[in-house]
Amino acid sequence: MSSSTLFGISTIAYIIAMIIYIAYLAFRKSQIGVAGTTITLAGFVSQTIAILTRWTESYAQWTALTPESTFALSVMRSAPLRNLYESLIFFVWCLILAYLIIEFKYKNRSFGAFVTPVAGIALAFIDVSGMSKEIEPLVPALQSNWLLVHVMMSFISYATFALSFSTGLMYLILKTEKRTESSYMFWTITTGVFIVILVALGLDYLTFSVAIKNPETLIKGYLFKASFFNQSFGISALSWIAALAFVFLVWRYGYVLRKVISSLSISPETLEEITYKSIATGFPIFTLGGLIFGAIWADQAWGVYWSWDPKETWSLITWFVYAFFLHSRLLRGWRGKKVAIVAVVGFVAVIFTYLGVNLLLSGLHAYGSLE
Amino acid sequence: MEEDKNKTVVDKIWDFFASITLAVVLFALIALTSIIGTILEQNAAPEKNIKLLGKLFGDSLAPTLYPIFEKLGFMDMYHSWWFVTLLLLFATNLIICSIDRLPRIWKLIKDPIRPLPEEHFKNVGIKKEFLLKGKTESIKNAFEHAIKKIGFKLLESKGVNGYQLYSEKGNYTRLGVYITHLSILLMLLGAIIGIFFGFKGSINLPEGKTYAMAFVRGKAITNSADEFEMDTILDALQATEGKSASAAKKLGIDEKTFEAKLKRYGVKPLGFSIRCDNFATDYYGGSNMPKEYRSWLTVIKEGKEVMKKSIVVNDPLNYGGITFYQSSYGMVPGAKGIFILKLTSKTGVSEIKKMPFGEKFIIPGTDLEGALADFSPALAFEPTGRPFTSGEQMTNPAVLIAFTEKGKPKYSGWIMKRYPETGRLPEGHIVELIDYWGVEYTGLSVRKDPGVLIVYLGFAAMGIGLFTALFMSHKKLWVRLVDEKNSTRVIIALSANKNRPAFERKVDKMIALLSKSGEGENQ
Ligand code: HEM
């Protein structure tokens with residue numbers, strides 16, 4: 001089977017798993033939970049094989065183009081971490097792996113409904129944006145081992161941050177009681193906006209999937225054109241109203257989710273612990289891989305280890321948010337909800353570093369495209 | 001309140017800088033303000049950002065906003081006074097906070113662990129109590145052995161009716177946080193040294209040329225007097241291999257004045273010369289995707305070649321603290337180069353020929369004569385087969401060669417460097433275009449940064465510090481053994497400044513092993 005068929009299978013598996021996990025939250029039948037785990041595992045196996053297949057495909061291409069390259073070098077240069085598409089796939093793979101480890105360790109399936117959507121969204125985004133899936137040989141600047149470990153470690157840390165995002169959000173849902181409470185507003189609005197953006201992306205996809213050639217055209221020509229930026233004033237006004245109404249509904253009825261989660265055998269303390277542990281694991285990996293190895297690569301390639309370009313700066317912003325997280329625990333009265341909010345904000349910064357800089361800021365000025 | 005009154009101003013300032021609240025506020029401030037510089041393009045032409053502001057705030061507001069934002073330093077914000085102040089506050093915070101806490105931490109590290117008074121066993125976070133069969137003496141030996149095995153330093157005290165074993169491990173891991181914080185200061189220090197004692201410039205070095213200086217941003221040359229002055233400076237530097245003292249002497253001016261002129265024109269003497277022997281682009285197979293940009297460089301000092309290296313992106317050349325990076329390339333305007341051809345007759349005799357445009361050559365051992373008739377740096381073909389030049393860069397260099405035999409025209413054709421098969425002649429002779437040399441320049445970034453080593457030291461310290469701070473802990477273990485006739489009551493207390501559950505699991509495992517072996521002895 002080709003790698004793209006296998007990726008397709010794993011995408012579908014994760015989306016089905018997401019639905020099953022949500023059903024598990026609603027009905028709390030252990031058979032449903034087992035089914036969710038089984039399908040996630042199947043998706044993971046399929047994705048693993050797909051990654052290895054793609055690796056061998058690009059290995060074959062690399063050795064054909066550079067017969068003089070040694071075995072070890074060829075393996076590294078063809079590692080499937082070379083563009084946005086491959087890195088998103090790797091991110092999802094790490095996330096699912098981390099999730100399965102947590103599920104196994106804590107014997108609890110309720111995170112599934114919060115982690116699989118992130119995976120599903122990431123994979124769906126690949127198709128929506130129509131990013132290039134071609135295997136292409138590396139341009140000279142990208143032929144660096146530092147870059148390889150930089151990308152790999154960045155995405156491992158992003159996966160741990162995604163995990164802490166999920167558990168942090170669950171913690172907030174569990175711990176907030178009043179609708180007027182700022183933490184309650186924070187999580188309902190964040191979740192509401194998240195879902196609205198997803199739906200809007202989905203509409204774009206359904207409306208324009210044929211027309212999109214590459215992410216740049218998506219951003220410049222199609223992003224939210226099916227909804228918020230629709231040419232027809234009626235549709236765009238309706239979209240804004242629907243979005244606001246939806247966020248309002250999440251705010252109004254968000255406490256229902258609290259009931260669902262609190263009926264599961266998971267304590268806020270466990271959630272807090274997982275949030276801290278995944279950030280404490282992700283932070284050094286991100287610092288070393290994301291910031292330091294990235295700086296060393298830039299130093300080797302261009303002779304500047306830090307140039308304040310938007311991507312670097314956003315990595316630094318993300319880093320400061322997580323440093324904030326680690327230190328806010330030392331502040332009096334800063335356990336619990338406030339810290340969980342920082343964890344959620346941290347992952348929003350990660351998403352922006354990863355996608356926002358390439359997509360939104362590059363739409364603002366001319367530089368930067370999808371690597 | 002009461003306390004505050006007794007404090008001096010210095011104490012108050014100290015407390016301000018020693019607080020984590022300030023740290024957290026600074027994290028937030030630096031992160032939030034940094035966003036501005038990722039939206040507005042930094043150091044860009046004003047029109048660009050005015051257009052951008054127009055997109056964000058509307059075209060009518062943009063012209064008013066721009067000067068305000070410019071005053072606030074937003075157009076080069078990471079070097080603005082207020083952002084640098086934030087960074088300085090951050091560094092001060094880090095230093096004072098560490099100094100403030102270090103004595104206490106040092107005491108925790110250095111003070112040896114003491115036996116735990118009996119009544120304190122109740123108050124320790126994690127406590128275990130159970131009965132083991134066997135004499136206290138032998139149980140003690142077993143515990144001593146087991147504790148040493150997990151790498152703890154062991155101490156022992158004898159009580160009224162038994163023993164207390166107490167031990168600890170990882171005192172020094174408490175320093176992890178300080179190493180992490182120190183590493184940040186190292187990076188900042190390295191960056192500052194780089195800013196004050198280093199430079200970042202560039203040279204566009206044509207093939208075959210030697211330069212003794214690099215160029216940084218300087219005064220724009222607008223008139224012929226400036227141009228003349230700059231030329232004399234450059235000539236003097238070239239003649240003295242980039243030594244400014246000798247160059248100043250040569251021009252008969254004092255060194256200070258000369259340095260000022262260098263600064264004005266953005267000229268950085270290297271202190272040696274660098275020559276580009278060749279530059280070449282390599283492509284993946286028959287595609288137009290670049291695989292490698294390579295420059296062959298030679299460093300010359302006191303007239304001698306002291307270093308030769310070919311550099312590619314990601315693999316620079318370093319000499320005397322100055323590093324040369326492959327960064328761009330291009331054609332030298334109006335340059336006339338030399339064609340290098342390899343001629344191989346069908347009998348296998350081969351010969352390398354170097355010649356300027358217009359010259360002729362003879363295939364060795366034959367009467368076949370070739371003449372260079374045309375050149376294209378980027379030969380391409382229209383669908384009709386008509387050749388044309390598709391660009392100005394040397395993406396597909398090719399020569400048109402017209403062949404004659406004893407004065408009679410025979411045939412002619414394009415020979416492309418990247419496609420050697422185009423040089424196979426009907427008779428079986430081979431003509432290869434090795435290079436059209438001397439027309440391209442290699443664009444080198446030139447950097448001197450004496451601080452970079454300190455920055456790298458900071459990187460290493462950060463790795464070690466974070467690992468220690470987040471994954472290691474100072475663990476303490478007290479074991480009280482109380483004699484109870486034929487068995488021994490074991491009471492264990494443990495503490496760790498981090499990740500207690502993991503330590504507890506380890507001790508549980510140890511206990512399980514000990515109880516098992518104890519049972520074994522009894523049977
Ligand atoms: C971005 C820069 C910084 C980084 C990456 C950093 C990193 C860390 C890390 C990883 C820890 C351990 C946290 C934990 O155990 O959960 C820590 C603790 C700490 N940091 Fe920072 N830090 C930074 C800046 C600062 C600053 C500016 C201060 C100044 C007040 C500070 C004060 C402290 C203190 C007091 C501790 C606790 C030490 C202890 O537990 O005994 N940090 N830091």
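Quick note on labels: first sequence line is chain A, next is B, and so on, each numbered from 1.
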Max heavy-atom pair count under 4.5 Å with chain A, selected residue of [options]:
options                                   : answer
Tyr283(B), Tyr325(B), Phe324(B)           : Tyr325(B)
Lys291(B), Lys48(B), Lys200(B), Glu292(B) : Lys291(B)
Val313(B), Asn314(B), Val455(B)           : Asn314(B)

Do [X] and [Y] have their ring centres less than 6.0 Å from each other?
X         : Y         : result
Phe283(A) : Phe325(A) : no
Phe155(A) : Tyr354(A) : yes
Tyr329(B) : Tyr293(B) : yes
Trp306(A) : Tyr78(B)  : no
Tyr456(B) : Phe459(B) : yes

Top residue by heavy-atom pair count (under 4.5 Å) with chain B, among [options]?
options                                    : answer
Ile296(A), Val321(A), Asp309(A)            : Ile296(A)
Ala298(A), Ala295(A), Pro284(A), Ser328(A) : Pro284(A)
Pro137(A), Ser144(A), Ala141(A)            : Pro137(A)
Gly303(A), Ala280(A), Ala301(A)            : Gly303(A)
Thr313(A), Asp299(A), Leu288(A)            : Asp299(A)
Val139(A), Leu316(A), Thr66(A)             : Thr66(A)

Proximity breakdown for [X] and chain A, heavy-atom pairs closer than 4.5 Å:
X         : answer
Phe471(B) : side chain
Val312(B) : neither
Gln42(B)  : neither
Ser445(B) : side chain
Ile35(B)  : both

Just by distance, no angles: are the side chains of Thr287(A) and Trp319(A) close enough, under 3.5 Å, to form a donor-acceptor pair?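 Yes.
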Heavy-atom proximity to chain B below 4.5 Å, by part of [X]:
X         : result
Asn145(A) : neither
Trp297(A) : both
Thr318(A) : neither
Leu147(A) : neither
Leu291(A) : neither
Leu65(A)  : both

How close do [X] and [Y] get, heavy atom to heavy atom, and via which atoms?
X         : Y         : answer
Lys337(A) : Ser183(A) : CD-OG, 3.6 Å
Tyr276(A) : Lys498(B) : OH-CE, 3.9 Å
Arg294(B) : Gln326(B) : C-OE1, 4.1 Å
Gly282(A) : Thr160(A) : CA-OG1, 3.1 Å

Item to complete: Can you label the angle between the Phe324(A) ring and the Phe27(B) ring as parallel, tilted or perpendicular, going by 30° and 60°?
Response: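 Geometry flag for Phe27(B) against Phe324(A): tilted rings.
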*Where the side chain of Ser74(A) meets the backbone of Tyr59(A), is there a donor-acceptor pair that is under 3.5 Å apart?*
no
Does any N or O in the side chain of His150(A) come within less than 3.5 Å of the main-chain N or O of Trp146(A), such that one atom is a donor and the other an acceptor?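 Not a single qualifying donor-acceptor pair exists.
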Note to self: Check Glu273(A) with Lys105(A), please: is the shortest side-chain N to carboxylate O separation under 4.0 Å?
What the structure shows: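 Salt bridge flag = no for Glu273(A) with Lys105(A).
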Determine, step by step, whether Ile266(A) and Tyr106(A) satisfy the side-chain contact (heavy atoms from CB on, under 4.5 Å) criterion, reporting the C-alpha distance in whole Å, the side-chain angles of both residues, the deciding distance to 0.1 Å, and the verdict.
-> CA-CA 9 Å; Ile266(A) 185 148; Tyr106(A) 288 86; over 6 Å; no
*Contact listing (chain A partner; residues 446-454 of chain B; heavy atom under 4.5 Å)*: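 Result: Arg447(B), Asp449(B), Val452(B).
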| request: Applying side-chain contact (heavy atoms from CB on, under 4.5 Å), run through Lys309(B) and Asn318(B) and close with a yes or a no. | output: CA-CA 9 Å; Lys309(B) 180 174 175 172; Asn318(B) 185 310; over 6 Å; no
